[in-house]
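Notes to accompany the following structure.
The sequence lines fix the lettering, A, B, ..., with proteins before strands; numbering per chain opens at 1.
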There are 2 protein chains.
Amino acid sequence: MNSHLSAKGLQRHQLARATGCHLETIRYYERIGLMPDPPRSTSGYRVYDEAHVRRLRFILRARELGFGIDEIRGLLQLVDCRSQTCAEVQRRTEPHLAEVRAKIADLQRIETTLVTMISQCSGKNVPECPILDALAA
Amino acid sequence: MNSHLSAKGLQRHQLARATGCHLETIRYYERIGLMPDPPRSTSGYRVYDEAHVRRLRFILRARELGFGIDEIRGLLQLVDCRSQTCAEVQRRTEPHLAEVRAKIADLQRIETTLVTMISQCSGKNVPECPILDALAA
DNA sequence: TCTTGAGCCTGTACTCGCTACAGAGCCTAT
DNA sequence: ATAGGCTCTGTAGCGAGTACAGGCTCAAGA
């Protein structure tokens, strides 16, 4: 007879595959309210559609960009209630950019330190380690 | 009589204050072996010195830069075993450097994305926000 | 001297953002 | 009819801390 899924519905593993998301993470996002509770087939299987795919991609990309769950919740609220605006999203995004830049700067500093140390260690014994001072300073 | 701390020893909260570290985190690092078990006063209080301050700063800075505990353990081994040859130091440092560079690259990708999105965003009070669209795409 | 209050001690439980698993049910193919 | 692979639920575990309970110690003030 009918498949247990209606016309174009996706199963959980299909949604996972379509987004690169871990299987269990989908359920987790539903539990914490980032993803909506999806409709169910007669036997209780979750049934997803393209809207779910897009929303999950949004969440995953935002996570990748370093947004925390609560920040994403905020961004999704902007998506959900279209009353809010571009200005608001920009306001939320800018501090995040500053943070990313600070991290880059920090890492470039340690990169320099590591490079320096490696170049200083060309074949002799190491009486002291410059990493400690560079980091602890 | 004597203070319960010897000459220049620091108490836990003093070490915390000197490094900006959370009080309990110090104990945690001791438990997992990143920080050594410090000497104790007669009544069992931990007694720290400048070496502890420097080591803890090292750890905190490395954590801030995204190193995992095990990576930091590796870096600290470089610090601890100063009797090793340069070749050995290099061998153990280079993977860390590669990792730092990979992180920088990732963060720069994120930075570019955020900059692009913000610049496309008008900042006006309109509901069509390119950041949301860029993320959801 | 006694009391107060801040600091210390230990152990354990909680957080966040997942991830894994147990034990059950369902669906399709052979 | 049975094997296998998927689904369901609930719950436990992880890393890296953070918080708290219940008790001990110490320095300073009344």
Contact under 4.0 Å: A:R46 side-chain N or O vs D:dC8 OP1/OP2: yes
Salt bridge (Lys or Arg N to Asp or Glu O under 4.0 Å) contacts in which one or both residues fall within residues 9-29 of chain B, not counting sequence neighbours: B:E24-B:R27
Selection from C:dG17, C:dC9, C:dG7 that lies nearest to any side-chain heavy atom of A:I69: C:dG17
A:R63 side-chain proximity, nearest of D:dT7, D:dT18, C:dG17: C:dG17
Distance test, side-chain N/O of A:S41 to OP1/OP2 of D:dT7, below 4.0 Å: no
Partners meeting side chain to side chain donor-acceptor pair (under 3.5 Å) with B:R73 (sequence neighbours left out): B:D70
Pairs: protein N or O with nucleotides 20-22 of chain C N or O, under 3.5 Å:
from: C:dA20; atom 1: OP2; to: A:H22; atom 2: NE2; distance (Å): 2.8
from: C:dC21; atom 1: N4; to: A:E24; atom 2: OE2; distance (Å): 3.1

A:L23 CG - D:dT9 C1' separation (whole Å): 14 Å
Closest listed nucleotide, where the reference is the side chain of A:Y28 and the choices are D:dG17, C:dT19, C:dT10: C:dT19
With sequence neighbours excluded, residues passing salt bridge (charged side-chain N to carboxylate O under 4.0 Å, His left out) with A:D37: none
Nucleotide-level pairing of DNA chain D, given in dot-bracket where Watson-Crick and G-U pairs need both distances under 3.5 Å and | marks other strands: ||||||||||||||||||||||||||||||
Nearest-angstrom distance from the residue atom CD of A:E30 to P of C:dG17: 17 Å
Qualifying residues under side chain to side chain donor-acceptor pair (under 3.5 Å), relative to B:Q108, sequence neighbours excluded: none
Spacing between B:I26 atom CD1 and C:dC8 atom P, to the nearest angstrom: 9 Å
Atom-to-atom span, CG of A:L15 to P of D:dC6 - whole angstrom: 15 Å
Toward the 5' end of DNA chain C, by each residue's nearest nucleotide, B:H13 or A:Y29: B:H13
Base of C:dG7 paired with side chain of B:Y45 (donor-acceptor, under 3.5 Å): yes
Nearest-nucleotide pick for A:Q11, side chain only, options being D:dT25, C:dC9, D:dT7: D:dT7
Position toward the 5' end of DNA chain D (nearest nucleotide), A:G44 or B:G68: A:G44
Linked, directly or transitively: B:L60 and B:I32 (ILVMFWY side chains, under 4.5 Å): yes
side-chain N/O B:R12 vs C:dT10 OP1/OP2, d < 4.0 Å: no
d(CD1, B:I72; P, D:dG15) in whole Å: 14 Å
Backbone of A:L34 reached by a side-chain donor or acceptor of A:R55 within 3.5 Å: yes
Exam field: side chain B:T116 to backbone B:T112, donor-acceptor pair closer than 3.5 Å: yes
Nucleotide C:dC8, atom P - distance to OH of B:Y48 in whole Å: 9 Å
N/O donor-acceptor pair under 3.5 Å between A:Q14 side chain and A:Q11 backbone: yes
Sidechain-backbone polar pair: A:E71 side chain, A:G68 backbone, donor-acceptor under 3.5 Å: yes
Nearest-Å distance for atom pair CG/C1', residues B:L10 and C:dC8: 15 Å
Any donor-acceptor N/O pair, B:R57 side chain to B:A18 backbone, under 3.5 Å: yes
Phosphate-side-chain proximity, B:S43 and D:dC26, N/O vs OP1/OP2 below 4.0 Å: yes
Under 4.0 angstrom between A:T25 side-chain N/O and C:dT19 OP1 or OP2: yes
